[in-house]
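Take a look at the structure set out below.
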Amino acid sequence: MDLGIFYTRLGVIILVVALGFFLGKKRILNNKVNLVFVNLLLSVLMPASLFSAFPAEFDQNTFFYFLRGFTSGVIVLTSVIIISKLVFTPRVIKGEFRYSAQFAFIFNNATFLGYPLISSTFGADGMMAYLGFIIVFNLALFSYGVWLFERKVNLKLFFRTITNPNILAVIIGALIFIFSLPAPEFITASIGSIAGATTPLALICVGFMLSQADLKKVFKKRKLFITAALQLTLGPLATYLVLTAFGFTGIERTVCVILQALPTATSLALFAKKYGSDDREASELVAISTLISVITLPIVVALIF
């Protein structure tokens, strides 16, 4: 990977996030509009992006990267779930916040930040590894991630997980790719056009969420910094070590390490609000993690290359 391209893409991402921050501070965007944007992204734009990322015709080498990404995802998500339970114990972080801390450690911003960064930097092979990883990520997010807040398992959760639009989009896209199924050009062109709005809108939403955090109060909360620091350092380090131990040394390892070095998922705040947890602290944790990642992400990239 050309580091110059990576830092150029990272700079573009930072500028668009800054635009979202500005729009939030000037109240051009508000919480209601942002919630509409987030729902649109999760239910329409991101699925369109994931679907359109698959090549039209099957290629064995490309499919290899998809499978390696999927396998890497299983290994990485299993590892970070175990580590989160060992690190964020009641003795380390008291109260219900430890579940939010575990969520933050496990689930990074692989969707809103990961997609534009990987797609614009790593080309087709990197995107196929990402697509394999994102299946496992979404399955874990909408099952174990929800469990961290509800702490119960039921059939409703199971069906909600397997029918998530992002999971369905990758599965359908993979089937069309594997079997080289013909699709009408006007349909694929339409989906591709819709997908084009994903990156800028996702980054604007991230910037808006940052604009809503009371940074003066946030900087006084030690547990937020501890959680964010562990997520941004221990997460990618553990990913690198465990994948290397399993024999993964190619682009799929690089993609997974960079994804784990991203700030915690914005869905933390959404899940906390939906399931009755402290959404303010969750939003503050997302903000702190995002701000610190501006420093830690380039360091992680420099170390692995």
Side-chain angles (χ1 to χ4, degrees), residues 12-13 16-17 19-20 23-24 28-56 66 69 73 107-120 127-128 130-143 145-146 156-177 181 183-210 212 259 262 264-275 283 286:
V12 171
I13 287 172
V16 181
V17 169
L19 172 62
L23 294 174
I28 298 173
L29 281 181
N30 56 44
N31 281 305
K32 288 185 178 180
V33 174
N34 187 65
L35 184 59
V36 171
F37 285 168
V38 169
N39 287 330
L40 182 64
L41 280 162
L42 293 177
S43 60
V44 180
L45 300 186
M46 271 306 302
S49 297
L50 296 173
F51 175 85
S52 62
F54 283 94
F66 176 78
F107 300 107
N108 52 70
N109 210 327
T111 302
F112 287 178
L113 290 178
Y115 177 83
L117 188 58
I118 300 301
S119 64
S120 61
M127 268 308 296
M128 291 305 292
Y130 171 83
L131 290 170
F133 174 90
I134 209 67
I135 290 180
V136 184
F137 179 89
N138 278 316
L139 285 171
L141 176 64
F142 291 100
S143 55
V146 173
K156 184 179 179 180
L157 174 59
F158 172 76
F159 285 112
R160 190 167 56 200
T161 300
I162 63 175
T163 58
N164 178 269
N166 294 279
I167 294 174
L168 291 176
V170 176
I171 292 174
I172 294 171
L175 290 174
I176 291 175
F177 163 65
L181 299 175
E185 186 176 348
F186 75 94
I187 292 180
T188 56
S190 297
I191 294 175
S193 179
I194 293 170
T198 303
T199 297
L201 191 59
L203 298 178
I204 286 172
C205 287
V206 172
F208 172 80
M209 292 189 70
L210 284 174
Q212 301 305 293
L259 289 175
L262 293 174
T264 193
T266 51
S267 53
L268 169 60
L270 300 177
F271 278 33
K273 189 175 185 65
K274 182 174 183 178
Y275 298 110
S283 298
V286 172

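Values in this document were obtained by computation on a predicted structure and should not be read as measured data.
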Please name all residues satisfying side-chain contact (heavy atoms from CB on, under 4.5 Å) with Pro200, sequence neighbours left out, ordered by chain then number. none
Would you say Tyr115's side chain and Tyr130's backbone share a donor-acceptor pair under 3.5 angstrom? no
Please give me the minimum heavy-atom distance between Gly192 and Ser52, naming the atom from each residue. CA-CB, 4.4 Å
Centroid separation Phe54 to Phe66 less than 6.0 Å: yes
Quick one, Ile176 with Phe51, criterion side chain to side chain contact (heavy atoms under 4.5 Å, CB included). Give me CA distance, side-chain angles, the key distance, then yes/no. CA-CA 10 Å; Ile176 291 175; Phe51 175 85; 3.6 Å; yes
Could you tell me whether a side-chain N or O of Asn108 sits under 3.5 Å from a main-chain N or O of Leu262, the two making a donor and an acceptor? no
Roughly how far, to the nearest 0.5 Å, is CZ of Phe177 from CE of Met128? 4.5 Å
To the nearest 0.5 Å, atom CG of Leu259 lies from atom CD1 of Ile134 at 7.0 Å
The criterion is side-chain hydrogen bond (donor to acceptor under 3.5 Å, both in side chains); which residues satisfy it with Asn166, sequence neighbours excluded? Asn164
Rounded to the nearest 0.5 Å, what separation is found between the CD1 atom of Ile171 and the CG atom of Leu131? 12.5 Å
Kindly compute the distance separating CZ (Phe107) from OG1 (Thr264), expressed to the nearest 0.5 Å. 9.5 Å
Return the set of residues passing ring-ring contact (aromatic ring centres under 6.0 Å, His included) with Phe208 (not counting sequence neighbours), or none when no residue passes. none
Interatomic spacing from CD1 in Ile167 to CG in Leu139 - rounded to 0.5 Å: 4.0 Å
Measuring only between side-chain heavy atoms, which start at C-beta, is Leu168 closer than 4.5 Å to Pro165? no
Would you give the length of the straight line joining atom CG of Leu268 to atom CG of Leu141, rounded to the nearest 0.5 angstrom? 10.0 Å
Could you list the residues that satisfy side-chain contact (heavy atoms from CB on, under 4.5 Å) with Leu203, not counting sequence neighbours? Ile13, Val16, Val17, Leu113, Pro116, Thr199
Less than 3.5 Å apart, which donor and acceptor atoms pair up between the side chains of residues 34-41 and the rest of the protein, not counting sequence neighbours?
unit_1	atom_1	unit_2	atom_2	d
Asn39	ND2	Leu35	O	3.2

side-chain hydrogen bond (donor to acceptor under 3.5 Å, both in side chains) contacts in which one or both residues fall within residues 185-198, not counting sequence neighbours: Ser49-Thr198
